[in-house]
Amino acid sequence: MILTKKSTTILSGVALASGAYILYRMMVRKNNNPEAIRGVIQNWIDTVCRHDANDIVSLYAPDGVLLGTVAKTMKVGQKEIIGYFDMFVGKKPCGYLTEINVQNFGCDYAVADGTYTFELTNEKGEIDIVPARFTFVLRRIDGVWKIATHHSSVNPE
């Protein structure tokens, strides 16, 4: 087979495109894998345990949605979400992951479902143990994972 200048150019372009695609897939796997996403959720829990509503809300997308464990209504946007966490941090929450499953949807979206257990201080100053389940929809914004949607509810008995 004789290669012409045109066929060499085409083959070079195909090789370059293939290499770029492989590099892209490696970057996606590096930044959007179950362990990385688990780390995002663990960071959220660690931030909640520090009881600073502003820090917690900074983890949400500007148009994020929260269906909180003890909320009566859906909170849309950081301005509404902060109202929930202002109340929630008064319960001195701290928790830990008990189970997590991650699904990736391209390099900029992921869903984490699972369970966590929180300790909350009640009105009497006693600690209530609250096992709950969650779904986080995560969206990468400017290279940073943000919570687009978060649903949490107490586990059924």
Side-chain angles (χ1 to χ4, degrees), residues 17-123 125-157:
S18 296
Y21 178 74
I22 290 167
L23 182 60
Y24 165 77
R25 292 306 302 163
M26 287 172 56
M27 291 303 293
V28 167
R29 271 190 237 113
K30 179 181 175 194
N31 296 317
N32 189 7
N33 62 58
E35 281 308 306
I37 301 305
R38 181 186 175 98
V40 171
I41 305 307
Q42 186 60 55
N43 180 57
W44 177 86
I45 290 172
D46 294 344
T47 304
V48 168
C49 290
R50 289 192 295 271
H51 311 142
D52 186 314
N54 289 309
D55 286 349
I56 299 166
V57 172
S58 75
L59 302 175
Y60 288 77
D63 59 347
V65 175
L66 173 66
L67 293 163
T69 309
V70 296
K72 294 184 182 188
T73 61
M74 178 171 55
K75 310 300 180 193
V76 180
Q78 289 181 336
K79 287 182 181 178
E80 288 187 20
I81 293 171
I82 192 130
Y84 175 81
F85 282 113
D86 281 338
M87 174 278 303
F88 192 63
V89 298
K91 297 177 181 293
K92 306 283 188 243
C94 196
Y96 56 90
L97 279 172
T98 53
E99 186 176 16
I100 190 168
N101 182 68
V102 175
Q103 300 174 71
N104 293 316
F105 297 98
C107 62
D108 292 328
Y109 294 91
V111 174
D113 296 291
T115 56
Y116 41 35
T117 299
F118 273 90
E119 294 181 358
L120 305 175
T121 303
N122 65 29
E123 310 79 45
E126 300 167 339
I127 302 295
D128 293 328
I129 306 298
V130 182
R133 52 196 172 173
F134 65 80
T135 298
F136 286 92
V137 176
L138 302 171
R139 182 174 82 212
R140 195 187 320 259
I141 300 173
D142 297 328
V144 177
W145 287 109
K146 294 290 185 174
I147 301 166
T149 297
H150 174 199
H151 175 253
S152 181
S153 58
V154 175
N155 282 349
E157 293 186 18

Inter-residue atom distance [X].[atom1] - [Y].[atom2], 0.5 Å rounding:
X	Y	atom1	atom2	value
L120	K92	CG	NZ	12.0 Å
I56	Q78	CD1	CD	12.5 Å
Y109	L138	OH	CG	11.5 Å
T69	R133	OG1	CZ	10.5 Å
T149	L67	OG1	CG	8.0 Å
E99	F134	CD	CZ	8.5 Å

For the residue pair [X] and [Y], what are the closest heavy atoms and their distance?
X	Y	answer
A53	V89	N-CG1, 4.2 Å
V48	F88	CG1-CE2, 4.1 Å
C49	G95	SG-N, 3.4 Å
A112	I41	CB-CG1, 4.0 Å
A61	R139	CB-NH2, 3.6 Å
S152	Y116	OG-OH, 2.8 Å

With a 4.5 Å limit on heavy-atom distance, are the side chains of [X] and [Y] in contact?
X	Y	result
K146	P62	no
K75	V57	no
V65	V137	no
S58	T47	no
F136	I37	no
D55	F85	no

Inset, instruction - Using modelled atom types only, decide if a donor and an acceptor are shared between the side chain of D63 and the backbone of V76 within a distance under 3.5 Å. - result: no

Inset, instruction - Examine distances only and state if a side-chain atom of H51 and a backbone atom of G90 form a donor-acceptor pair shorter than 3.5 Å. - result: no

Inset, instruction - Begin with the C-alpha distance, continue with both residues' side-chain angles, and end with the deciding distance and a verdict on side chain to side chain contact (heavy atoms under 4.5 Å, CB included) for T121 and I127. - result: CA-CA 5 Å; T121 303; I127 302 295; 3.5 Å; yes

Legend entry - Over 12 foreign heavy atoms within 6.0 Å of CE, M74: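 Open.
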
Inset, instruction - Scan side-chain atoms only and decide if T115 and T98 contain a donor-acceptor pair under the 3.5 Å cut-off. - result: yes

Inset, instruction - Test side chain to side chain contact (heavy atoms under 4.5 Å, CB included) on T73 and E80 and set out the steps. - result: CA-CA 10 Å; T73 61; E80 288 187 20; over 6 Å; no

Inset, instruction - Report the C-alpha separation of E119 and D128 in whole Å, then their side-chain angles, then the decisive distance to 0.1 Å, and conclude whether the side chain to side chain contact (heavy atoms under 4.5 Å, CB included) test is met. - result: CA-CA 6 Å; E119 294 181 358; D128 293 328; over 6 Å; no

Inset, instruction - Measure up the H150 and W44 rings against each other and bin them: parallel (under 30°), tilted (30 to 60°), perpendicular (over 60°). - result: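 H150 and W44: perpendicular rings.
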
